[in-house]
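Report on the structure given below.
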Amino acid sequence: MILRRIVSLSLFRLLHDMPSISPSSYQLHSHCTTATNFDECRSNRTNFLNSMRNHCRSGELNNINQALNLFHLMATMSPLPSVVDFTLLLGFIVRMKHYTIAISLVKQMHSSLGLKPDTFTLNVAINCLCHLNLVAFGFSVLGTMFKLGFEPSVVTFTTLIKGLCVQGDMALAVELADHMEKLGYRSDVQTYGVLINGLCKIGNTSEAVGWLRKMEERNWKANVVVYSTIMDGLCKDGLVSEALDLCLEMSIKGIRPNLVTYTCLIQGLCCFGRWKEAGSLLDEMMKTGTMPDLQTLNVLVDAFCKEGKIMQAKSVIGFMILTAEGPDVFTYNSLIDSYCLQNQMNEATRVFELMVSRDCLPDIVAYTSLIHGWCKIKNINKAMHLFDEMVKAGFTPDVVTWTTLIGGFCQVGRPLAAKELFLNMHKYGQVPNIQTCAIILDGLCKGQLLSEALSLFEAIEKSNLDLNIVIYSIILNGMCSAGKLNAAWELFSCLPAKGLQINVYTYTIMINGFSKQGLLDNAEDLLINMEENGCMPDSCTYNVFVQGLLTKKETARIIKYLTMMRDKGFSADATTTEMIVNYKV
DNA sequence: ATAGGGTTAG
């Protein structure tokens, strides 16, 4: 039961525990920099409040100090403005993503001003807590809400469901949605939207589409947001054509794609090399009156950068300078990463310096890209130097930075140093994730340190991490390379029981293991077996098997499998070709 | 009258 999970901390204690902003940051400034002079308006209460409301609603309010000035002015009014006005202002502070400040202001409303928060105010607090990854505190506010006798609304639950999704707790999110319905609330389009987004984010797009249909059966009309969410999920899952189909379906229902829809689809198309279609879509959106914004253009820049098409990226940047307020930190970071991936560290460094000179501060992503670049060309000293520099600049390396550096040490043949970093990163507040584990295990295996890898693997298995097939494949590959075929086969056989879906990479690793040991019947059995299990061998699978056959000079089977490969449209790779060329009967 | 959903970089 979900409600059992609600810790009943009081709101007061909760807010007391929250970080608060320093008083100086919301002191009344002697002059107001907005178009309207609030000091003057202050004499006229109604004018002032109306002006505040207009500023909030028109979106003209886009500066946190302005918002804090307004709050301060409101707080010193007598009598105090209503909770409604305060909450309106809070909403805008939230829109500016100043969650900690918003929570601190709710606290002030309550403790210093003696204003009783209502459901709306508490929903703002819950939303902020969820954004700060403090969902448990969000639930305690829900508890408080019950205690104070306020009815939570669908908004309250939807906010919490979103928090659970972001935290990666999909099962609990669905449970809360069910529970909410049992309490007599009805999920609305936004509730479904949040759940659908959660499903997409964990790559479960087919279920997301299922929920879309379920929602339609219950007579909720999906809107452009729900459709765009799923389209983005499909694109990120590589199902770009399905996303385009869904866009068509949406259009037939009379819902027009908007800027976000186009951005998602263009990214999907670019990402899979469908440049021409991306271009037509860009054309279509502009012809129908939707101009690409900075974010859309950044998507294009990044896609070109990833393909190494720097010239095209630069021409998009040219367009961006004319039509949008760019380039921004995303644009520069895409360029930096592109140069790093092409081992052009001088160019990458130049862009890094350029962004500094243009008052666009490099962030943790910029630093991590450069660190990755230096690691890639095996200059671990430069990488370490940048790591230091970034810490000096006030950035806390996150799990991606650590993983990059750990990979760097593996790259230069120092897997034990990498392991030290892996074991010590938690002292700096960072917990390894599944990618970190994959990098270090692979590094140890490739460095011929299988027993080191296995003992670490055992420790990782005992942790809370949900190990995936990639991790097991790395270990299997390590075992096979070290000639421990029996151990590998034993582990391989356990995978289904662990609920893991064996994929083409895993099968290929085992087939390669058998082939390299000359156990060609075992390899062939597995090749047939995988196909029967619905996992299609790819070009690599056939190549490693044929290489085994070539070594053993199994002429009949060599011909059989090379023919099979040709029929399936696969070709011999460099190694296979060389073996064929040098084949002596 | 005030609150909740979708898109960009390592």
Side-chain angles (χ1 to χ4, degrees), chain A residues 49 53 56-57 81-92 94-95 102 117-128 130-131 152-163 165-166 187-198 200-201 208 222-233 235-236 257-268 270-271 292-303 305-306 326-338 340-341 362-373 390 397-401 403-404 435:
Chain A
L49 288 176
R53 288 169 197 144
C56 283
R57 292 197 186 105
S82 67
V83 165
V84 174
D85 280 321
F86 276 103
T87 309
L88 180 65
L89 184 56
L90 285 174
F92 270 83
V94 169
R95 243 163 279 183
D118 63 7
T119 308
F120 291 74
T121 323
L122 294 178
N123 282 343
V124 170
I126 292 175
N127 187 24
C128 291
C130 287
H131 272 108
S153 65
V154 178
V155 175
T156 319
F157 285 108
T158 304
T159 309
L160 286 165
I161 291 169
K162 162 109 192 283
C165 289
V166 169
S187 300
D188 65 13
V189 181
Q190 300 207 159
T191 319
Y192 281 109
V194 166
L195 287 167
I196 286 171
N197 186 37
C200 287
K201 288 292 175 297
N223 57 21
V224 66
V225 175
V226 176
Y227 274 108
S228 302
T229 305
I230 301 180
M231 281 181 228
D232 183 59
C235 284
K236 298 231 155 71
N258 65 14
L259 180 60
V260 177
T261 323
Y262 282 118
T263 304
C264 296
L265 292 175
I266 287 172
Q267 168 162 251
C270 290
C271 191
D293 68 354
L294 184 53
Q295 195 164 336
T296 317
L297 298 174
N298 275 335
V299 162
L300 285 169
V301 169
D302 189 60
C305 281
K306 285 203 164 61
D328 67 356
V329 66
F330 284 91
T331 328
Y332 288 115
N333 284 348
S334 292
L335 278 171
I336 290 174
D337 198 53
S338 176
C340 287
L341 293 179
D363 60 3
I364 187 165
V365 177
Y367 278 102
T368 308
S369 281
L370 286 178
I371 291 171
H372 186 218
M390 125 179 207
D398 66 9
V399 62
V400 184
T401 320
T403 305
T404 305
Q435 270 109 331

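Just so you know, these numbers come straight off a predicted model, no measurement behind them. Below, chains carry the letters A, B, ... as their sequence lines are ordered, and counting in each starts from 1. Side-chain atoms are counted along with the backbone in the values below, which use heavy atoms only and exclude waters and symmetry mates.
The CG atom of A:Asn197 sits 13 Å away from the C1' atom of B:dG4 (whole-angstrom rounding). Going from atom CG of A:Asn123 over to atom P of B:dG4 covers 8 Å, rounded to whole Å. Separating the CG atom of A:Asn298 from the P atom of B:dG10 is a distance of 12 Å, rounded to the nearest angstrom. Between A:Phe86 atom CZ and B:dT2 atom P the separation is 16 Å, expressed in whole Å. To the nearest angstrom, P of B:dG4 lies 14 Å from CG of A:Leu122. In this structure, CG of A:Leu370 is placed 18 Å from P of B:dA9, rounded to the nearest angstrom. We find that CG of A:Asn223 is positioned 15 Å from C1' of B:dT7, with the value rounded to whole Å. One interatomic measurement links the two molecules: CG of A:Leu90 to C1' of B:dA1, which rounds to 15 Å at whole-angstrom precision.
Of the side-chain N and O atoms in A:Asn127, none sit less than 4.0 angstrom from OP1 or OP2 of B:dA3. Regarding contacts with the backbone of B:dG4, every side-chain N or O of A:Lys162 stays at 4.0 angstrom or more from both OP1 and OP2. Considering only side-chain N and O atoms, A:Lys306 lies under 4.0 angstrom from the phosphate OP1 or OP2 of B:dG10. One finds no side-chain N or O of A:Lys236 lying less than 4.0 angstrom from the OP1 or OP2 phosphate oxygen of B:dG6. Side-chain nitrogen and oxygen atoms of A:Arg95 include at least one within less than 4.0 Å of the OP1 or OP2 phosphate oxygen of B:dA3.
Residues A:Ser228 and A:Asp232 are not in side-chain contact: their nearest non-hydrogen atoms beyond the backbone lie 4.5 Å or more apart. No side-chain heavy atom of A:Met390 sits under 4.5 Å from any side-chain heavy atom of A:Leu370. At least one side-chain heavy atom of A:Phe157 sits under 4.5 Å from a side-chain heavy atom of A:Pro152.
Of all the heavy atoms in A:Val399 and A:Thr403, the pair that sits closest is O-OG1, 2.6 Å. In plain terms, the two heavy atoms of A:Leu294 and A:Gly326 that are nearest each other are CD1-CA, 3.7 Å.
A donor N or O paired with an acceptor N or O is found under 3.5 Å between the base of B:dG10 and the side-chain atoms of A:Thr401. Counting atom types as modelled, A:Thr159 pairs no side-chain N or O with a base atom of B:dG4 as donor and acceptor under 3.5 Å. One N or O donor and one acceptor, one from the side chain of A:Ser228 and one from the base of B:dG6, sit under 3.5 Å apart. The base of B:dA3 is paired with the side chain of A:Ser153 by a donor and an acceptor separated by under 3.5 Å. Donor-acceptor pairing under 3.5 Å, judged by distance alone, is absent between the side chain of A:Asp363 and the base of B:dG10. In this model, no side-chain donor or acceptor of A:Thr229 finds a partner on the base of B:dG6 within 3.5 Å. Contact annotation: side chain of A:Asp118 to base of B:dT2, donor-acceptor pair present below 3.5 Å.
Taking the side chain of A:Thr119 as heavy atoms from C-beta on, and the options B:dT7, B:dA3, B:dG5, the nearest nucleotide is B:dA3. For A:Thr158, the listed nucleotide lying nearest its side chain is B:dG4; candidates were B:dG4, B:dG10, B:dT7. Taking the side chain of A:Val365 as heavy atoms from C-beta on, and the options B:dG10, B:dT7, B:dT2, the nearest nucleotide is B:dG10. Each of B:dG5, B:dA9, B:dA3 was ranked by its minimum atom distance to the side chain of A:Val155; first place goes to B:dA3. Among the nucleotides B:dA9, B:dG10, B:dT7, the one closest to the side chain of A:Ser369 is B:dG10. Of the candidates B:dG10, B:dG5, B:dT7, the closest approach to any side-chain atom of A:His131 belongs to B:dG5. The side chain of A:Thr191 lies closest to B:dG4, out of B:dT2, B:dG4, B:dA9. You'll find that the side chain of A:Val260 is closest to B:dT7, out of B:dT7, B:dT2, B:dG10.
Contact annotation for A:Val124: backbone-only contact, meaning every heavy-atom pair under 4.0 Å involves sugar-phosphate atoms and none involves a base. Residue A:Leu335 is classed as having no contact, given no heavy-atom separation below 4.0 Å to the nucleic acid. Residue contacts for A:Thr261: at a heavy-atom cut-off of 4.0 Å it reaches a base atom on one of the strands shown. Using a 4.0 Å heavy-atom distance criterion, A:Asp188 is classed as a base contact. Using a 4.0 Å heavy-atom criterion, one finds that A:Thr156 contacts no nucleic acid atom at all. Among the atoms of the strands shown, none is found under 4.0 Å from any heavy atom of A:Val301.
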Quick one, A:Thr191 with A:Asp188, criterion side chain to side chain contact (heavy atoms under 4.5 Å, CB included). Give me CA distance, side-chain angles, the key distance, then yes/no. CA-CA 5 Å; A:Thr191 319; A:Asp188 65 13; 2.9 Å; yes
Give the C-alpha distance, both sets of side-chain angles, the deciding distance and a yes or no for side chain to side chain contact (heavy atoms under 4.5 Å, CB included) between A:Thr87 and A:Val84. CA-CA 5 Å; A:Thr87 309; A:Val84 174; 5.9 Å; no
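Donor-acceptor pairing under 3.5 Å is lacking for the side chains of A:Ser334 and A:Asp337.
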